[in-house]
Amino acid sequence: MDVDTRLLRYFAAVAEEGSLTGAARRLFVSQPALTKRIRRLEDELGVALFTRSRSGMALTEAGRELAARVPALLDGWDETVRATGRAAKVLRLGFLDAGAVGAVHEVVAEFRRARPEWRVELRQFDWSDPSAGLARGDVDAAVVRLPFPGQESLDVRELFVEERGVLLPARHPLANSGTVEFRDLWDEPFVAAGAETGAWRDHWLAAEERGGHPVRVGAVAGRPDEWLGAVAAGCVALAPASAARFHSHPDVVFRPVRGVSPSRVGLARRSRTRGAALNELLEAITRRSSRS
């Protein structure tokens with residue numbers, strides 16, 4: 001029997017969190033999607049792994065047996081993937097948006113010239129996964145925007161800070177303002193990330209900077225083009241200052257905003273992920289970012 005390792009990762013998260021809600025938030029997937037994957041794993045194994053109740057998900061005897069074995073199995077698989085990558089001399093670096101990447105492209109080009117035997121793969125991820133592939137083991141390291149759920153379990157170093165502004169429909173009354181006061185946007189419909197992104201969603205809604213004023217969500221989006229489309233249709237959205245350079249739409253304008261904290265960009269990897277080449281690349285990215 002062949003079982004997708006991703007299904008095992010989903011199972012392990014639910015077993016550790018004790019609920020679908022907590023596991024979905026940790027994995028950056030919707031709760032219905034996670035439920036389907038757990039049922040698929042149960043169908044493939046032919047056993048019930050959880051008993052479900054309003055209080056959460058409790059492991060069955062079969063589930064406890066699997067939960068005891070899965071961590072070592074996944075650790076072994078992850079090390080196999082890393083060893084294979086080292087043998088093939090491949091480094092996988094995730095990122096979310098061009099503004100966050102900054103000088104990474106130049107560093108990667110220099111690394112390739114210095115270490116031509118290595119291949120660096122840059123992989124862009126949707127904003128629906130703020131860990132840029134790290135949460136699901138798809139990359140060795142990632143350039144991320146902080147905060148996001150699960151970052152406390154990763155090795156994260158801050159690279160630089162970038163001011164946030166606001167994307168407005170071109171016809172919006174504040175579209176011609178020099179600087180927009182965040183308080184003046186509190187009642188606007190905001191574009192939000194999916195609920196499973198937790199702290200990431202709250203940060204880009206500036207939930208903590210509203211003085212208790214409720215957030216009005218007008219649209220949910222996971223990719224830059226979706227955010228721009230929602231703004232053009234009448235919503236507003238906080239965005240990093242670099243969005244004005246890298247993302248454009250004829251019916252959307254970017255304006256500085258006063259009253260919100262900046263965006264912090266970091267470099268993250270799993271604590272146990274090591275290797276001389278990876279260390280060299282990440283140190284070079286850190287040094288270049290500190291000089292920018």
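Residues: numbered from 1 along the sequence shown. Side chains included, hydrogens not; waters and symmetry mates left out as well; all remaining heavy atoms used. The structure displayed is predicted, hence computed values, not measured ones.
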Counting C-beta onward and ignoring hydrogens, is there a side-chain heavy-atom pair between [X] and [Y] closer than 4.5 Å?
| X | Y | value |
| --- | --- | --- |
| L41 | L8 | yes |
| V104 | F95 | no |
| V14 | L34 | yes |
| W204 | P240 | yes |
| F111 | W118 | yes |
| L228 | L167 | yes |
| R269 | D140 | no |
| L174 | N176 | no |

Interatomic spacing from [atom1] in [X] to [atom2] in [Y] - rounded to 0.5 Å:
| X | Y | atom1 | atom2 | answer |
| --- | --- | --- | --- | --- |
| S19 | R52 | OG | CZ | 12.5 Å |
| L238 | R164 | CG | CZ | 5.5 Å |
| L154 | S131 | CG | OG | 7.5 Å |
| L96 | D126 | CG | CG | 9.0 Å |
| L59 | E16 | CG | CD | 10.0 Å |
| E209 | D202 | CD | CG | 11.0 Å |

Who passes side chain to side chain contact (heavy atoms under 4.5 Å, CB included) against A33, sequence neighbours left out?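 Applying side chain to side chain contact (heavy atoms under 4.5 Å, CB included) to A33 gives S30, R37.
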
Minimal non-hydrogen separation, [X] against [Y], with atom names:
| X | Y | result |
| --- | --- | --- |
| L267 | L282 | CD2-O, 3.6 Å |
| A100 | V265 | O-CG1, 3.6 Å |
| A268 | V156 | CB-CG2, 3.8 Å |
| V139 | A132 | CG2-O, 3.4 Å |
| A175 | V253 | CB-CG2, 3.8 Å |
| A12 | L74 | CB-CD1, 4.5 Å |

Can [X] and [Y] be counted as an ion pair, charged N to O under 4.0 angstrom?
| X | Y | result |
| --- | --- | --- |
| R157 | E283 | yes |
| R223 | D225 | yes |
| R264 | E162 | no |
| R288 | E106 | yes |
| R6 | D138 | yes |
| E110 | R287 | no |
| R123 | E121 | yes |

So does [Y] get a backbone contact from the side chain of [X], meaning a donor-acceptor N/O pair under 3.5 Å?
| X | Y | result |
| --- | --- | --- |
| R183 | R210 | no |
| D97 | G99 | yes |
| T197 | W200 | no |
| T60 | G63 | yes |
| R201 | A193 | yes |
| E226 | G222 | yes |
| R216 | D187 | yes |

Begin from the C-alpha positions of L122 and H105 and carry the test side-chain contact (heavy atoms from CB on, under 4.5 Å) through to its verdict. CA-CA 9 Å; L122 289 171; H105 290 289; 3.4 Å; yes

Derivation of the side-chain contact (heavy atoms from CB on, under 4.5 Å) call for R40 and L7: CA-CA 8 Å; R40 178 182 160 192; L7 296 181; 3.7 Å; yes

Is L159 reachable from V161 through a run of hydrophobic residues whose side-chain heavy atoms are each under 4.5 Å from the next?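 Cluster IDs for V161 and L159 differ.
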
State whether a side-chain donor-acceptor pair under 3.5 Å links S263 with R145.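 Side-chain D/A pair, S263 to R145: present.
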
Do H203 and E208 meet the criterion of a side-chain donor-acceptor pair at a distance under 3.5 Å?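 Looking only at side-chain atoms, E208 and H203 do not form any donor-acceptor pair under 3.5 Å.
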
Check step by step if side-chain contact (heavy atoms from CB on, under 4.5 Å) holds for E42 and V47. CA-CA 5 Å; E42 290 179 319; V47 296; 6.0 Å; no

Over 12 foreign heavy atoms within 6.0 Å of CD, E61: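 Open.
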
Around atom CZ of R39, are there more than 12 heavy atoms of other residues, nucleotides or ligands at under 6.0 Å?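 Atom CZ in R39 is not packed in, count stays at 12 or less.
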
Would you sort out whether R136 and D129 count as a salt bridge (charged side-chain N to carboxylate O under 4.0 Å, His left out), showing the intermediate values? CA-CA 9 Å; R136 285 173 272 193; D129 180 2; 3.4 Å; yes

According to the interplanar angle, ranging from 0 to 90°, do the rings of F11 and F50 count as parallel (below 30°), tilted (30 to 60°) or perpendicular (above 60°)?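 Taking F50 first and then F11, their aromatic rings sit tilted (interplane angle of 30° to 60°).
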
Just to verify, which of R112, R92, K89 counts as forming a side-chain contact (heavy atoms from CB on, under 4.5 Å) with V120?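 By the side-chain contact (heavy atoms from CB on, under 4.5 Å) criterion, V120 pairs with just one of R112, R92, K89: R112.
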
One pair to check against side-chain contact (heavy atoms from CB on, under 4.5 Å): V231 and V191. What are the steps and the verdict? CA-CA 7 Å; V231 172; V191 186; 4.0 Å; yes

Tell me, which pairs form a ring-ring contact (aromatic ring centres under 6.0 Å, His included) where one or both residues lie in residues 208-251, sequence neighbours left out?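 Every ring-ring contact (aromatic ring centres under 6.0 Å, His included) pair that includes a residue of residues 208-251, provided the two are not neighbours, is W127-W227, W186-H213.
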
